[in-house]
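Quick notes on the structure that follows.
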Amino acid sequence: MKELPKAYLPTDYEKKIYQIWESSGYFNPDNLKSDGEPFSISLPPPNATGILHLGHAVMLAIQDLLIRFNRMLGKKTLWLPGTDHAAIATQNVVEKNLWEQEKKTRFDLGREKFINRVNDFVESSRNIIRNQMRGMGVSCDWSRERYTLDDGLSQTVKQVFVKMYHDGLIYRGTRIVNWCYRCGTTLADDEVEYKESLGKLYYINYGPVTVATTRPETKIGDTALAVNPKDVRYKKLIGQELEVVLGKVKVKVKVIADKIIDPNFGTGVVGVTPAHSLVDFELAQKYHLPLKEIIGPDGKMTTEAGAYVGLPVKEARQKLLADLGNKVEKIEDYKHNLSICYRCGTPVEPLPSKQWFVAVDKPFKIGLFKKTTLKKLAIEAVKSGQIKIIPERFVKVYFNWMENLHDWCISRQIWFGHRIPVWYRHKPEQSESDQEIYIGVKEPKGNDWQQDPDTLDTWFSSSLWTFSTLGWPKQTNDLKTFHPTSVIETGYDILFFWVARMILMTRYATKQIPFKTIYLHGMVRDKKGRKMSKSLSNGINPIEIIQKYGADTLRLSMIIGTTPGNDFRLYDEKIAGFRNFVNKLWNISRFILLTTKEITTIDKPHTKTLADKWVLSRLENITLEVTNHLNKFKFSQAAEKLYDFTWHELADWYLEIAKIEGDKNQILTFILQTILKLWHPFTPFITETIWQEAFKDKGLLMIQPWPKLSGYKNETAEKDLTEIQKIIALIRNFRAENKIAKDKILECHIQLTNTKIINEQKLILEGLRTNIKLTTTIKNKLGEIKDKDLSITLGLK
RNA sequence: GGACGCUUAGCUCAGCUGGUUAGAGCGUCUGCUUUACACGCAGAAGGUCAUAGGUUCGAGUCCUAUAGCGUCCACCA
């Protein structure tokens with residue numbers, strides 16, 4: 001009846017279909033008729049730094065699958081999209097562009113002008129991202145789109161900050177922080193990465209002892225030497241003060257003893273540099289040692305470094321080593337982990353600095369009587385089972401991280417981001433510590449207040465994402481309906497950065513959990529199993545795949561054969577395989593529409609033949625299995641089952657039988673409708689395209705009710721048809737193995753306990769590429785196949 | 001140093017609470033213009049499920065070691 005093109009060309013349909021969806025308004029739950037239970041997902045907001053990569057594509061494919069499935073189940077379904085301002089990352093990109101294009105730094109522009117630049121960049125970035133997301137077919141509610149820096153969210157950020165400050169959970173203090181002098185800012189502990197690198201271990205003669213160090217230049221900042229109390233070699237030195245000349249500077253060090261010192265490493269004597277090592281800082285606090293800051297925030301030596309002032313760290317090291325001369329007794333190769341900035345790769349310098357922190361271990365009152373800590377809140381949410389993590393093994397990882405969490409440094413010395421809502425009133429007669437301080441959501445009155453120049457860690461605002469986007473602190477309808485959200489779906493790589501912090505902050509601010517289920521997908525890797533990276537230039541642009549193969553194909557290749565939490569490889573041949581399947585689905589539809597004289601939309605088709613009973617029984621089973629798998633977040637298994645049924649039962653058997661038996665309008669139409677619905681969450685474009693070709697009068701496929709078959713289960717029919725399939729396979733096999741010409745008709749006698757089905761299924765047995773003629777007597781016997789209670793005799797005419 | 005994952009057909013991977021001859025896709029081989037599809041159809045070959053023990057009537061599946069690969073966390077100068 002309908003004729004579709006031979007091959008499915010996604011680019012001919014996808015844009016148009018997306019427009020139909022978007023203009024229908026059904027992405028917005030307010031327009032769904034249902035008063036069903038709510039289902040909601042907050043989209044992990046992509047960074048506003050530019051284009052989407054395959055990692056985003058995986059996330060979008062899985063989330064859209066969940067969203068479409070639940071929408072079809074009749075739930076009030078919301079998928080809230082947005083973008084993250086990604087403070088350091090975005091600022092870095094704009095600074096880089098500014099330098100490359102105009103040879104200017106952000107300081108040349110000044111704060112306000114620079115921020116305008118960043119905002120312009122973000123706006124164009126967000127547009128690109130929106131269109132790329134549309135290309136993937138995402139059915140998110142664009143009318144509720146948010147941005148971590150928009151007015152509403154900024155308001156939430158301030159409110160939470162102020163509330164935490166008053167609860168004593170945010171404080172300002174001087175600590176050793178991770179400092180990236182390239183980015184000019186502090187970094188949180190988990191923003192520091194470790195790179196194994198080959199360094200040197202220098203043995204420096206101090207006179208009475210020799211000290212081994214990987215960083216000679218920091219020894220200028222030493223205020224102590226530490227040994228193990230049990231180390232007999234140095235026992236008599238403990239408590240003494242030594243004065244040592246290191247190159248061109250004099251250093252005073254006190255010898256202390258602590259059991260953390262490993263007597264077997266180096267010489268057993270460690271130089272203690274309290275200002276530039278977290279461990280040494282802690283030692284210094286324990287033994288009341290002074291702090292000597294010799295490296296400044298610009299990565300250069302300070303005046304404290306005497307003759308070496310102004311030198312970058314590396315140069316200072318060279319110069320000092322030269323000055324030390326033969327006092328360097330020995331140099332060994334040494335493999336160690338270098339800490340580097342996760343954004344720019346510059347070595348991180350531990351420095352003492354005055355910063356804002358979130359106190360994760362400090363008890364505070366929740367409700368009237370109960371006392372707890374942020375850490376306990378976050379741990380309890382998972383321990384109690386309120387939040388479920390898929391795969392489960394990440395529960396342990398989560399606890400381990402949470403239990404070892406230190407206070408979170410949230411202030412950043414960059415310009416792009418949420419300005420810290422703190423103002424200082426500086427009076428000349430006051431010392432710094434006596435400054436008047438104002439913390440509030442609104443700017444204080446009077447013009448002698450100066451706002452803290454720092455901005456907040458980008459994860460501070462994203463940790464509020466699930467509820468800030470729904471209108472909190474106002475008790476909006478959206479908040480009441482959709483929070484806690486149903487699922488958070490993201491890569492396991494940001495479990496700590498984001499997911500853990502969301503739990504912590506959301507439980508604090510709203511007393512709710514942010515989501516009920518955490519689904520963590522794996523990372524996309526290249527054909528050789530390597531991570532995709534710029535330096536290897538092995539990355540695949542999802543947009544290119546969509547242009548070449550279509551979004552449905554891309555989605556399938558990231559769903560099938562993947563398991564949560566495990567990385568998977570993606571490459572051209574694999575994708576092409578799923579393109580073939582999508583085309584198969586197209587041609588199944590094409591065949592059904594072509595042979596169906598009249599499209600009827602019967603809900604309960606009648607079955608006439610064994611094959612009819614079989615196929616509907618199978619369809620009912622598959623529908624149930626797919627539904628169950630999807631409910632359990634087993635996306636790959638759901639799709640595999642459906643794939644196998646669609647290709648190897650429906651196409652390979654039933655459609656071939658339909659060609660022989662004929663007259664199957666009702667059943668074929670019914671099956672087509674059902675599989676289009678079942679496939680829709682996986683491959684939305686092609687299924688909607690076909691639906692619009694064939695069943696337009698029923699409305700959009702995306703809001704059709706999820707199939708629920710009943711009454712077709714028929715175990716006898718399944719068993720009998722399986723028997724027929726087996727017989728046919730044996731005959732085909734016999735012909736192939738004996739190289740019997742295709743057009744040669746063989747006589748065939750089948751003996752089976754169940755003689756009835758042989759007689760009844762004669763048409764199929766003879767017609768399904770067996771090329772046999774059923775008889776009861778074989779004249780010229782060619783061969784015999786025996787299998788349990790089955791015997792097939794074949795012969796020539 | 002701690003935690004975890006992987007090791008199953010040539011390649012990439014499934015295999016849920018242990019149960020009959022271990023699955024898929026790709027690749028390979030042999031035939032096919034069969035009126036939906038060569039992005040196809042029919043058929044075939046190919047696995048001591050890393051190794052060694054153990055639990056069990058029964059283990060790819062559970063337990064204990066070992067090896068290789070990988071990831072995360074911590075980080076010692």
Side-chain angles (χ1 to χ4, degrees), chain A residues 3-8 189-190 192 194 201-202 211-215 218-219 222 225-226 260-262 264-273 277-280 283 334 336-337 339 391 393-394 396-397 399-401 403-404 492-493 495-496 522-523 525 527-529 531 549 553 557 560-563 565-574 576-595 628-629 632 634 636-637 639-641 643-644 647-648 651-652 655-656 658-659 728-729 731-737 739-743 767-771:
Chain A
E3 176 130 22
L4 300 172
K6 236 177 157 179
Y8 174 62
D189 291 345
D190 46 7
V192 176
Y194 296 91
L201 190 62
Y202 302 90
V211 174
T213 179
T214 53
R215 298 196 56 187
T218 63
K219 297 303 101 189
D222 282 7
L225 293 179
I260 70 158
I261 307 303
D262 176 3
N264 299 317
F265 186 90
T267 58
V269 186
V270 182
V272 181
T273 324
S277 152
L278 189 64
V279 181
D280 290 5
L283 269 181
Y334 183 65
H336 69 135
N337 280 331
S339 13
R393 65 186 141 94
F394 281 95
K396 215 171 162 182
V397 182
F399 286 143
N400 180 263
W401 186 83
E403 275 153 14
N404 293 311
Y492 63 77
D493 56 331
L495 176 64
F496 307 137
M523 304 294 116
R525 292 173 173 270
K527 197 180 177 182
K528 292 177 184 165
K531 260 190 173 167
Y549 294 111
T553 295
S557 49
I560 297 185
T562 66
T563 39
N566 287 337
D567 295 353
F568 62 96
R569 304 178 190 205
L570 194 69
Y571 43 89
D572 218 59
E573 298 93 306
K574 197 183 210 173
F578 291 110
R579 184 266 324 266
N580 296 353
F581 174 76
V582 170
N583 193 242
K584 188 75 184 180
L585 186 56
W586 179 257
N587 273 290
I588 288 169
S589 312
R590 187 163 171 255
F591 172 78
I592 293 177
L593 296 178
L594 215 58
T595 52
N628 287 343
H629 282 314
K632 288 182 195 156
K634 297 188 172 180
S636 177
Q637 271 146 295
E640 276 174 78
K641 287 277 176 197
Y643 179 105
D644 194 55
W647 197 321
H648 301 303
D652 289 352
L655 295 191
E656 294 304 319
K659 286 178 188 170
I728 289 171
I731 296 169
R732 286 171 177 173
N733 181 338
F734 180 88
R735 296 190 66 111
E737 297 225 311
K739 298 208 188 317
I740 295 166
K742 202 189 125 234
D743 49 358
L768 274 186
R769 275 156 222 180
T770 48
N771 214 14

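Numbers restart at 1 for each chain; the letters A, B, ... are given by sequence-line order, proteins then strands.
- Side-chain to base pairing of A:Asn337 with B:C75: one donor and one acceptor N or O lie within less than 3.5 Å of each other.
- Taking atom P on both nucleotides, B:U56 is separated from B:A24 by 34 Å, rounded to a whole Å.
- Distance CZ (A:Phe581) to P (B:C39): 17 Å, rounded to an integer number of Å.
- Looking at heavy-atom distances under 4.0 Å, A:Val272 makes no contact with the nucleic acid at all.
- Residues A:Val397 and A:Phe496 share a closest heavy-atom pair of CG1-CZ, 3.4 Å.
- Residue A:Phe568 is classed as having no contact, given no heavy-atom separation below 4.0 Å to the nucleic acid.
- Within 3.5 Å, no donor on the side chain of A:Arg569 pairs with an acceptor on the base of B:U12, nor the reverse.
- In this structure, of B:A36, B:C37, B:G15, it is B:C37 that holds the atom nearest to the side chain of A:Lys6.
- Ion pairing of A:Asp644 with A:Lys641 is absent here, as no side-chain N (NZ or NE/NH1/NH2) approaches a carboxylate O to less than 4.0 Å.
- Considering every non-hydrogen atom in both A:Lys219 and A:Thr213, the closest pair reads CE-OG1, 3.5 Å.
- Separation of the P atoms belonging to B:U12 and B:C75 is 36 Å when rounded to the nearest angstrom.
- Spacing between atom CG of A:Asn566 and atom P of B:C4 amounts to 15 Å, rounded to whole angstrom units.
- Between the P atom of B:C13 and the CZ atom of A:Phe578 lies a distance of 12 Å, rounded to the nearest Å.
- With both pairing distances under 3.5 Å, B:U71 is matched to B:A3 as a Watson-Crick or G-U wobble pair.
- Residue whose closest nucleotide on RNA chain B sits further toward the 5' end, between A:Gly561 and A:Tyr643: A:Gly561.
- A:Ser339 approaches A:Tyr194 most closely through the heavy-atom pair CB-CE2, 3.9 Å.
- As the counterpart of B:C76, no nucleotide is assigned, since no Watson-Crick or G-U wobble pattern has both distances under 3.5 Å.
- Across all strands shown, B:A42 is found opposite B:U30 as a Watson-Crick or G-U wobble partner, with both distances under 3.5 Å.
- Out of B:U71, B:C39, B:A14, the shortest distance to the side chain of A:Glu640 is found at B:A14.
- Between A:Val211 and A:Val270, the closest heavy-atom pair is CG1-C, 4.4 Å.
- Residues A:Trp647 and A:Lys527 both approach RNA chain B. Their nearest nucleotides, taken by heavy-atom distance, put A:Lys527 toward the 5′ side.
- Distance CG (A:Leu495) to P (B:C4): 16 Å, rounded to an integer number of Å.
- Distances shown here put every side-chain N or O of A:Lys742 at or beyond 4.0 Å from the OP1 or OP2 atom of B:C32.
- For the OP1/OP2 pair of B:A44 and a distance below 4.0 Å, the side-chain nitrogens and oxygens of A:Asn733 include at least one atom meeting the criterion.
- Contacts of A:Asp567 with the nucleic acid, taken as non-hydrogen atoms under 4.0 Å apart, are absent.
- In the set B:G43, B:A36, B:U71, B:G43 carries the atom at the smallest distance from any side-chain atom of A:Ala729.
- Across all strands, A:Phe399 comes closer than 4.0 Å to no nucleic acid atom at all (heavy-atom distances).
- One finds no side-chain N or O of A:Thr562 lying less than 4.0 angstrom from the OP1 or OP2 phosphate oxygen of B:C13.
- With C1' as the reference atom, B:U7 and B:A14 are 15 Å apart, rounded to whole Å.
- A distance of about 15 Å separates the P atoms of B:G43 and B:C26, rounded to the whole Å.
- Phosphate contact (OP1/OP2 of B:A36, side-chain N/O of A:Lys659, threshold under 4.0 Å): present.
- Rounded to an integer number of Å, the gap from CG of A:Leu278 to P of B:A74 is 12 Å.
- Straight-line distance between the C1' atoms of B:C6 and B:U51: roughly 15 Å, to the nearest whole Å.
- Within the 4.0 angstrom heavy-atom criterion, only backbone atoms of the sugar-phosphate kind lie near A:Arg732; the bases stay farther away.
- Here A:Ala226 lies out of heavy-atom contact (under 4.0 Å) with every strand.
- Residue A:Thr273 is out of contact with every strand shown, counting any heavy-atom pair closer than 4.0 Å.
- In this structure, A:Phe496 reaches the sugar-phosphate backbone alone: every heavy-atom distance under 4.0 Å involves primed, P, OP1 or OP2 atoms, never a base.
- The side chain of A:Lys584 places an N or O atom within less than 4.0 Å of a non-bridging phosphate oxygen (OP1 or OP2) of B:C41.
- Using a 4.0 Å heavy-atom distance criterion, A:Asp652 is classed as a sugar-phosphate-only contact.
- Using a 4.0 Å heavy-atom criterion, one finds that A:Asp262 contacts the bases of the nucleic acid, with or without backbone contacts as well.
- Of all nucleotides present, none satisfies the Watson-Crick or G-U wobble test against B:U20 with each distance under 3.5 Å.
- Across all non-hydrogen atoms, the minimal contact from A:Phe568 to A:Thr562 is CG-CG2, 3.5 Å.
- B:C29 and B:U66: their P atoms are spaced 45 Å apart (whole Å).
- Side-chain contact between A:Leu655 and A:Ile592: present, with at least one pair of heavy atoms (C-beta onward) separated by less than 4.5 Å.
- Rounded to whole Å, atom C1' of B:G23 lies 12 Å from atom CD of A:Gln637.
- The side chain of A:Asn580 places an N or O atom within less than 4.0 Å of a non-bridging phosphate oxygen (OP1 or OP2) of B:G40.
- Residue A:Glu656 places a side-chain atom within donor-acceptor reach of the base of B:A36, judged by atom type and a 3.5 Å distance cut-off alone.
- Among the nucleotides B:U34, B:C4, B:A36, the one closest to the side chain of A:Arg393 is B:C4.
- Proximity of A:His629 to the phosphate of B:G15: no side-chain N or O atom is located under 4.0 Å from OP1 or OP2.
- A:His648 has its NE2 atom 12 Å from the C1' atom of B:C41, to the nearest Å.
- Judged by distance alone, with hydrogens and angles left aside, A:Lys634 brings no side-chain donor or acceptor close enough to the base of B:A14 to form a pair under 3.5 Å.
- Across all strands shown, the partner of B:A65 is B:U51, judged by Watson-Crick or G-U wobble contacts whose two distances both fall under 3.5 Å.
- Taking atom CD of residue A:Glu737 and atom P of nucleotide B:U30, one finds them 15 Å apart after rounding to whole Å.
- Both tests pass for A:Lys659 against the ring of A:Phe591: distance under 6.0 Å to the centre and angle within 45° of the axis.
- Proximity of a side-chain donor or acceptor of A:Arg590 to a complementary backbone N or O of A:Leu4 within less than 3.5 Å is detected.
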